[in-house]
Trainee: 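If you scroll down you'll find the structure; I have some questions about it.
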Amino acid sequence: MLNIILFGPPGSGKGTQALKLKLKYALIHISTGDIFRAEISSQSSLGQELKSYMDHGQLVPDELTFRVLKSYFGENELQKSQGIIFDGFPRTLPQAEALDTFLSERNEPIQVVLSLLVNEDEVVSRIMLRGQTSGRSDDNDETIVRKRMQVYREQTFPLAAYYTSQKKYVELNGEGSIEEVFTALSNHIDRTLALTESADMV
Ligand code: ADP
């Protein structure tokens with residue numbers, strides 16, 4: 001098994017890289033943002049509630065995030081993959097702790113947290129550019145985008161210390177081309193796999 005978290009601010013390229021890594025390593029891609037947007041498209045009342053947070057650049061509260069994820073896990077088979085790539089989750093300390101509990105019960109812990117470093121002005125301009133075609137209402141308004149960055153700094157970035165204390169946190173330059181970042185991520189994953197295999201042989 002290969003369980004990875006892709007970490008980094010909004011617009012740092014997590015979604016783009018996760019799709020490429022999913023194909024290369026036969027992983028299941030779990031993006032809470034995508035799961036939430038699918039719920040919104042279904043026009044459920046739950047979706048309306050999710051949208052009210054997302055449109056304001058706020059995090060969806062943990063309790064609601066867990067509720068949506070539980071039903072997602074209930075409906076989707078995780079057994080057949082080589083592992084999971086998490087994108088946009090966890091975003092708070094309680095989410096990280098809940099994920100650790102869930103995965104350790106299955107004896108399949110997170111092996112590595114790959115963090116993409118991109119400076120704030122660069123991510124804001126990337127998101128605004130994406131907003132021209134993504135149809136995402138949270139990508140069009142610079143005030144909302146800056147708010148998301150603030151939420152990231154205050155609520156999500158502290159997870160770097162959490163995973164550093166578990167010796168799982170690795171930072172990479174996220175400002176190169178898509179292929180350069182992909183190569184750097186793949187090299188780290190290959191190293192992680194080699195370490196896991198040699199540990200398994202002992
Ligand atoms: P981005 O990385 O560009 O912010 P995402 O699709 O990951 O895009 O997230 C979009 C929005 O969905 C976030 O701004 C937040 O409101 C909500 N969201 C996504 N994942 C989570 C999560 N794990 N916890 C709380 N809110 C989340």
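When a residue number appears, it is its place in the shown sequence, counting from 1. In each ligand, atom 1 is the first atom listed, and ligand 1 is the first ligand listed.
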Trainee: I want to confirm something. Looking only at heavy atoms, which of R91, R148, Q155, M149 is nearest to atom 9 (O) of ligand 1?
Mentor: R91

Trainee: Can you sort out which atoms of ligand 1 are near F89, meaning under 4.0 Å from one of its heavy atoms?
Mentor: 23 (N)

Trainee: Enumerate the atoms of ligand 1 whose separation from the nearest heavy atom of M54 is less than 4.0 angstrom.
Mentor: 11 (C), 12 (O), 16 (O), 17 (C)

Trainee: Does ligand 1 come near enough to T32 that some N or O of the ligand is less than 3.5 Å from an N or O of the residue?
Mentor: yes

Trainee: Other residues, nucleotides and ligands only: do more than 12 of their heavy atoms fall within 6.0 Å of CG on L117?
Mentor: yes

Trainee: About how many Å separate CZ of R106 and CE of M1, when rounded to the nearest 0.5 Å?
Mentor: 6.5 Å

Trainee: Does N119 offer a backbone N or O that forms a donor-acceptor pair with the side chain of E175 under 3.5 Å?
Mentor: yes

Trainee: Say you draw a straight line from CZ of F36 to CZ of F89; how long is it, rounded to the nearest 0.5 Å?
Mentor: 8.5 Å

Trainee: Please say whether Q95 places an N or O atom under 3.5 Å from an N or O atom belonging to ligand 1.
Mentor: yes

Trainee: Is it the side chain, the backbone, both or neither of L59 that has a heavy atom closer than 4.0 Å to ligand 1?
Mentor: both

Trainee: Might you point out which heavy atoms bring S71 and V68 nearest each other, and give the distance in Å?
Mentor: OG-O, 3.1 Å

Trainee: Side chain or backbone of R136 under 4.0 Å from ligand 1, or both, or neither, by non-hydrogen atoms?
Mentor: side chain

Trainee: Given 3.5 Å as the limit, does a donor-acceptor pair link the side chain of N3 with the main chain of G83, or not?
Mentor: no

Trainee: State plainly whether the residues R146 and D121 are in salt-bridge range, i.e. N to O under 4.0 Å.
Mentor: yes

Trainee: Does the N or O separation between S31 and ligand 1 drop below 3.5 Å for any pair?
Mentor: no

Trainee: Short N/O distance, under 3.5 Å, between V60 and ligand 1?
Mentor: yes

Trainee: For atom 16 (O) of ligand 1, which protein heavy atom lies nearest, and how many Å away is it?
Mentor: Q58 O, 2.6 Å

Trainee: Are the side chain of R91 and the backbone N or O of T32 linked by a donor-acceptor pair below 3.5 Å?
Mentor: no

Trainee: Measure the spacing between CG of L93 and CD of Q155 and express it to the nearest 0.5 Å.
Mentor: 11.0 Å

Trainee: By number and element, which atoms of ligand 1 are closer than 4.0 Å to a non-hydrogen atom of T65?
Mentor: 24 (N), 25 (C)

Trainee: For P9, is at least one N or O under 3.5 Å away from an N or O on ligand 1?
Mentor: no

Trainee: Any idea which atoms of ligand 1 are less than 4.0 Å away from a heavy-atom of R130?
Mentor: 3 (O)

Trainee: Please could you name the atoms of ligand 1 that R37 approaches to less than 4.0 Å, counting only its heavy atoms?
Mentor: 6 (O), 10 (C)

Trainee: Of all the atoms in ligand 1, which lie at a distance below 4.0 Å from a heavy atom belonging to K14?
Mentor: 2 (O)

Trainee: Any nitrogen or oxygen of D138 lying under 3.5 Å from a nitrogen or oxygen in ligand 1? Just yes or no.
Mentor: no

Trainee: Among all the protein's non-hydrogen atoms, which is closest to atom 27 (C) of ligand 1, and how far away is it?
Mentor: F36 CE1, 3.6 Å

Trainee: Say whether, by atom type as modelled, one donor and one acceptor occur between the side chain of K168 and the main chain of I110 under 3.5 angstrom.
Mentor: yes

Trainee: Checking D100 against Y163 for the side chain to side chain donor-acceptor pair (under 3.5 Å) test, could you report, in this order, the C-alpha distance in whole Å, the side-chain angles of both residues, the deciding distance, and whether it holds?
Mentor: CA-CA 11 Å; D100 274 350; Y163 288 112; 4.7 Å; no

Trainee: Under 4.0 Å between a Lys/Arg side-chain N and an Asp/Glu carboxylate O for E39 and K51?
Mentor: no

Trainee: Please state which part of H56 comes within less than 4.0 Å of ligand 1, counting heavy atoms only: side chain, backbone, both or neither.
Mentor: neither

Trainee: Using a strict cut-off of 4.0 Å, indicate which atoms of ligand 1 neighbour a heavy atom of G88.
Mentor: 20 (N), 21 (C), 22 (C), 23 (N)

